[in-house]
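Every chain is numbered from 1, with letters handed out A, B, ... down the list of sequences. If you're wondering where the values come from, they're calculated on a predicted model, not measured in any experiment.
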2 protein chains.
Amino acid sequence: MTESLAKVNRRWQILSMSRTLTKTPKSETTRQAILAAAQRQFYENGYDGASVRRIARAVPIDPAMIMRYFGSKEGLFSAAVVIDLKLPDPGAIPRDRAGTAFVAHFLNLWEGERSAIGLPILLRSAVSNQDASDKIRAVFEKQVAPTVAGLTDADDADTRAALIVSQLFGLALCRYILKLPPVAEMTQDEIIARIGPVVQGHLWRD
Amino acid sequence: MTESLAKVNRRWQILSMSRTLTKTPKSETTRQAILAAAQRQFYENGYDGASVRRIARAVPIDPAMIMRYFGSKEGLFSAAVVIDLKLPDPGAIPRDRAGTAFVAHFLNLWEGERSAIGLPILLRSAVSNQDASDKIRAVFEKQVAPTVAGLTDADDADTRAALIVSQLFGLALCRYILKLPPVAEMTQDEIIARIGPVVQGHLWRD
DNA sequence: CGAAAAAGTCAACATGCGTTGACATTCTGA
DNA sequence: TCAGAATGTCAACGCATGTTGACTTTTTCG
């Protein structure tokens, strides 16, 4: 009967992952600690480079707990990396400053308090993990593309969105991952002044 | 004495790596086969994702041979990834078309015959391998930055070079690694028409 | 030819990985 | 209080990795 007990536990754990939390049972503390450690590790080393065992050591907790809480490394990754770009309503963006607004928004997102969660993690992971690149594509389709479409009347809004993304990802890549000196050292304002017009150009040129 | 024999062999092998090849001893064929397989694996899976054993299996050859020829996985990587951007002399580039020329040059480099060798490999590897990002920085400093400096009179040529690189890397990332649909599917001409002006802007704006 | 050098093979090593199931402890509510 | 649920620990599994040293086969050349 021990096996069926384990299965019930597993099932409960899967349920608890999606339930809305009102109280904070002891487990929730651990859950959050695991997520925080996982985000840090995934951010610093990418999906493959981060190991369940090292994440567990950082919490600290037994690796087996991670499997219990999240089912697998993939499950942990999915739970740890939740992307909400919080893009504003296109209607609320003044069109003549949309480019700089865009860049400022992303810099703020990437360098704000919760910066460990999000695109830089995906960027580091996507080169070796299919799930991560799928997630990036999903973010592009569901969050970036619609917003850009709301900002331009052009019929090639998707292409324009992709070009904007390519510039923003290139920025993130050079600044946070490669740490290419000039890009890594520029102030936010300098970046906004330089990249803003590029984004604006992608939106409006032609 | 067997150990000292092995060491002598190793020393010969290190010498042979740097010698100019006039004849083609049997070993050179194997060497090239290993390099070709390594480039492919590094390109497809990045430094960490590629394994010495799988490269060896692809040749096919015994993994120990790779150690003999290249000393270590790092040594193989260094030998396999040699970056020469072949950037033209700045003086030969018409300044009003420098942007499109730049983009066309890189697309040609990345999608030409020897495309497996080069930046896309580094890009995939750099997220998890320090050597790879160091190499990228070296390429930036020794090849891109000087060329850009020769194209502009501005005193912030380094910053401009970095911004150009961030756009080009973003393009490569989205097109070859993330395979983000709109970017991955655009024709070379479309990309040149869209990104060229951005590069031109980084060179000349202000 | 025949010896020495080169090229290639094989088995093993230590390590780290994701994951598992049995077990021990702690907490909670009837 | 005390059963049962929740939480946490431990040891082990099978596997893949980079690397090594002893070995055998093939090539080269006096």
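Across all strands shown, B:A56 has no heavy atoms under 4.0 Å from either base or sugar-phosphate atoms.
Comparing A:S51 and A:A64 by the nucleotide of DNA chain C that holds the closest heavy atom to each, the one mapping nearer the 5' end is A:S51. Each of A:R53 and B:D48 has a nearest nucleotide on DNA chain D; the 5'-most of these lies closest to A:R53.
Under 4.0 Å is where a charged nitrogen must lie from a carboxylate oxygen, and between A:R160 and A:D156 at least one such pair does. Under the 4.0 Å criterion applied to side-chain N and carboxylate O atoms, B:E44 and B:R40 are assigned as salt-bridge partners. The pair A:R175-A:E111 meets the salt-bridge criterion, with a side-chain N (NZ, NE, NH1 or NH2) lying under 4.0 Å from an Asp/Glu carboxylate O.
Taking atom NZ of B:K73 as the reference point, atom C1' of D:dT20 lies 17 Å away to the nearest angstrom. Taking atom CZ of B:R57 as the reference point, atom C1' of D:dG18 lies 14 Å away to the nearest angstrom. Atom CG in B:D62 sits about 15 Å away from atom P in D:dT24, given to the nearest Å. Nucleotide C:dA6 holds its C1' atom 13 Å from the CD1 atom of B:I61, rounded to whole Å.
Taking the six-membered ring where the residue is Trp, B:Y47 and B:F42 present parallel rings, their angle staying beneath 30° rather than reaching 60°.
Closest to the side chain of B:R68, out of C:dT19, D:dG18, C:dA7, is C:dA7.
Put simply, A:Y69 has no side-chain N or O that comes within less than 4.0 Å of OP1 or OP2 on D:dT7.
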